[in-house]
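If you're wondering where the values come from, they're calculated on a predicted model, not measured in any experiment. All ligand and atom numbering here is 1-based and tracks the order in the structure.
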Amino acid sequence: MSILRTVVRGVGSYLPAEILTNADLVKIVDTSDEWIVERTGIHARHRAAPGEYTSDLAVHAGRAALEHAGVDPSDIDLVVVATATPDHTFPSTATEVQARLGIQHGFAYDIQAVCSGFVYALATVDAQLKAGMARRALVIGAETFSRILDWTDRTTCVLFGDGAGAVVVEAVESDGLVTDRGILASSLRSDGRHRDKLWVDGGPSTTQTAGHLRMEGKEVFKHAVTNLADVIEVLFAETGLTGADIDWFVPHQANRRIIDATGRKLGISPDKVVMTVQDHGNTSAASIPLALDVAVKDGRVKRGDMVMLEAMGGGFTWGAVLLRW
Ligand code: ACO
């Protein structure tokens with residue numbers, strides 16, 4: 001029986017020009033290259049220029065994905081931007097992107113699930129495409145975390161970077177087989193009891209300021225590996241696949257130690273893990289499509305490969321998407 005399946009048609013990304021190395025951060029806070037590399041695996045991150053906004057990053061990444069897909073903006077009827085650092089409280093950054101890409105039909109909205117934003121967006125768009133609400137979507141993760149970092153707090157400012165990544169997805173008729181292309185399964189979770197372990201201490205309704213990121217790093221670390229492994233196991237149970245069936249594991253790029261531990265727990269071989277955290281830092285909702293773009297463009301991820309995406313972030317929110325590229 002024929003069903004609708006959401007297939008990725010193209011991917012693109014954008015990084016701001018300025019690169020901040022660990023050596024640059026040593027001049028700002030009391031830290032060292034050794035500490036940052038040993039605890040996180042991060043060597044460098046990008047930072048948006050003054051006057052360069054989340055929507056600018058998103059438009060660059062969106063255009064790159066459209067070009068890679070060979071799709072004209074006029075063929076997109078849904079734009080979703082996953083971001084925790086929108087240009088404005090409202091309207092959504094997605095409407096800004098929609099206008100700048102010249103798209104005048106369909107609909108656009110932002111998704112806010114912090115570092116899990118891209119996985120939330122992809123799973124939600126998958127459901128909307130299958131329901132017939134749209135046919136072809138541009139799904140973007142875009143962040144300027146440099147704007148909400150406390151640059152005097154060494155426990156957080158060394159971890160994050162700015163950037164954007166995007167995919168073009170479309171609904172196609174499929175026999176629904178595991179061997180067919182597209183999103184096979186997804187699972188989203190949250191547990192708001194942990195909302196104060198990774199949060200921003202400002203907002204329109206509370207302080208009327210954007211605020212700064214605050215985090216209990218050890219608590220986040222403790223929950224991350226367990227939560228991520230659990231949600232991936234759900235997808236394995238649903239599809240009958242195992243870690244050995246995964247061609248490429250493309251996790252949220254927060255921390256090398258979290259990624260290594262999750263891969264080990266799931267039996268995914270280290271040479272199947274796409275790692276970009278060393279060059280990008282944690283770019284929150286942008287990190288997965290940024291990593292995907294790197295691995296597709298350098299020839300690692302190929303058509304027909306089985307790809308597992310996963311992320312966890314503030315809330316806590318977490319989730320995973322399993323797809324055949
Ligand atoms: N440079 C040098 N020393 C530092 C720095 C720094 N940048 N930051 C903290 N320290 C010091 C601390 O002050 C502490 O010193 P003390 O022992 O004298 O008090 C010492 O290093 C150890 O600090 P911890 O916080 O215990 O270090 P830990 O080993 O837990 O590593 C880290 C911290 C890297 C943040 C870790 O907890 C972690 O990776 N957590 C996950 C956080 C994360 O990835 N968040 C991203 C968002 S959520 C997500 O995307 C999954």
Side-chain angles (χ1 to χ4, degrees), residues 20-45 82-85 112-120 141 143-146 148-163 165 188-192 194-201 212-232 249-263 265 273 275-278 280-291 309-320:
L20 272 181
T21 63
N22 293 346
D24 294 324
L25 292 181
V26 168
K27 296 176 202 148
I28 303 174
V29 285
D30 180 15
T31 189
S32 66
D33 180 52
E34 297 73 37
W35 192 96
I36 300 171
V37 172
E38 190 198 312
R39 307 284 173 126
T40 71
I42 300 168
H43 291 265
R45 69 290 288 146
T83 187
T85 46
Q112 213 286 52
V114 206
C115 300
S116 313
F118 186 76
V119 165
Y120 265 58
E143 304 277 17
T144 47
F145 261 50
S146 63
I148 55 162
L149 293 175
D150 174 353
W151 287 96
T152 65
D153 176 11
R154 68 175 182 174
T155 68
T156 53
C157 76
V158 303
L159 303 175
F160 296 89
D162 299 339
L188 301 181
R189 287 294 322 279
S190 66
D191 185 346
H194 302 293
R195 65 195 178 282
D196 61 348
K197 295 193 173 77
L198 175 51
W199 67 299
V200 168
D201 62 5
H212 292 111
L213 182 147
R214 308 292 174 203
M215 179 175 70
E216 293 177 37
K218 266 197 197 321
E219 282 296 312
V220 175
F221 197 104
K222 206 171 76 189
H223 285 86
V225 178
T226 314
N227 288 346
L228 291 169
D230 284 354
V231 81
I232 291 171
F249 181 48
V250 188
H252 167 49
Q253 307 283 321
N255 181 309
R256 173 179 272 280
R257 288 187 302 158
I258 295 177
I259 295 172
D260 287 344
T262 311
K265 198 161 179 197
V273 179
M275 191 89 74
T276 51
V277 68
Q278 66 281 1
H280 301 168
N282 180 347
T283 57
S284 185
S287 89
I288 291 176
L290 266 164
L309 315 178
E310 57 85 340
M312 171 173 148
F316 292 141
T317 55
W318 66 101

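Looking from atom 36 (C) of ligand 1 to the surrounding protein, the closest heavy atom is R257 NH2, 3.8 Å. Of the protein's non-hydrogen atoms, R39 NH1, 3.4 Å is the one closest to atom 28 (P) of ligand 1. From the protein, the heavy atom lying nearest to atom 1 (N) of ligand 1 is T31 OG1, 2.7 Å. The closest protein non-hydrogen atom to atom 7 (N) of ligand 1 is R154 O, 2.8 Å. In terms of protein heavy-atom proximity, atom 43 (C) of ligand 1 is closest to M215 SD, 3.9 Å. In terms of protein heavy-atom proximity, atom 20 (C) of ligand 1 is closest to W35 NE1, 4.3 Å. Of all protein heavy atoms, the one closest to atom 24 (P) of ligand 1 is K218 NZ, 3.9 Å. Scanning the protein for heavy atoms near atom 40 (N) of ligand 1, the closest one is G217 O, 2.9 Å.
I259 is listed as a side-chain neighbour of M275, based on a closest heavy-atom distance under 4.5 Å. By the 4.5 Å heavy-atom criterion applied to side chains, T276 and T283 are not counted as neighbours. Between V114 and F145 there is a side-chain heavy-atom pair separated by less than 4.5 Å. Side-chain contact check for R257 versus F221: some heavy-atom pair is nearer than 4.5 Å. Proximity of C115 to N282: side-chain heavy atoms (C-beta onward) are separated by under 4.5 Å at one or more points.
With a heavy-atom cut-off of 4.0 Å, C115 touches ligand 1 through its side chain alone. Within the 4.0 Å heavy-atom criterion, the part of N255 lying near ligand 1 is the side chain and not the backbone. Contact annotation for T155 and ligand 1: heavy atoms of both the backbone and the side chain come within less than 4.0 Å of the ligand. Only the side chain of L198 comes within contact range of ligand 1, with a heavy atom under 4.0 Å; no backbone atom does. Only the side chain of N282 comes within 4.0 Å of ligand 1, counting heavy atoms alone; its backbone N, CA, C and O stay farther away.
Near V158, the atoms of ligand 1 lying under 4.0 angstrom from a non-hydrogen atom of the residue are 7 (N). Within the listing of ligand 1, atoms 49 (C), 50 (O), 51 (C) sit less than 4.0 angstrom from a heavy atom of M312. Close contacts between ligand 1 and A254 involve ligand atoms 44 (O), 49 (C), 50 (O), 51 (C) [criterion: under 4.0 Å to a heavy atom].
Not one N or O on the side chain of S287 forms a donor-acceptor pair closer than 3.5 Å with the backbone of H252. Distance alone, capped at 3.5 Å, is enough to place a donor-acceptor pair between the R45 side chain and the L20 backbone. The main-chain N or O of W35 is found under 3.5 Å from a side-chain atom of S32 such that the two form a donor-acceptor pair.
Ring geometry, H223 versus H194: the interplanar angle falls from 30° to 60°, so the pair is classed tilted.
Ion pairing between a basic and an acidic side chain is recognised when a charged N comes within 4.0 Å of a carboxylate O; R214 and D196 show no such pairing.
The protein reaches atom 10 (N) of ligand 1 closely, with a heavy atom under 4.0 angstrom from it. Taking a distance limit of 4.0 Å, we find that atom 4 (C) of ligand 1 is approached by some protein heavy atom.
Donor-acceptor pairing under 3.5 Å is recorded for the side chains of T85 and E143.
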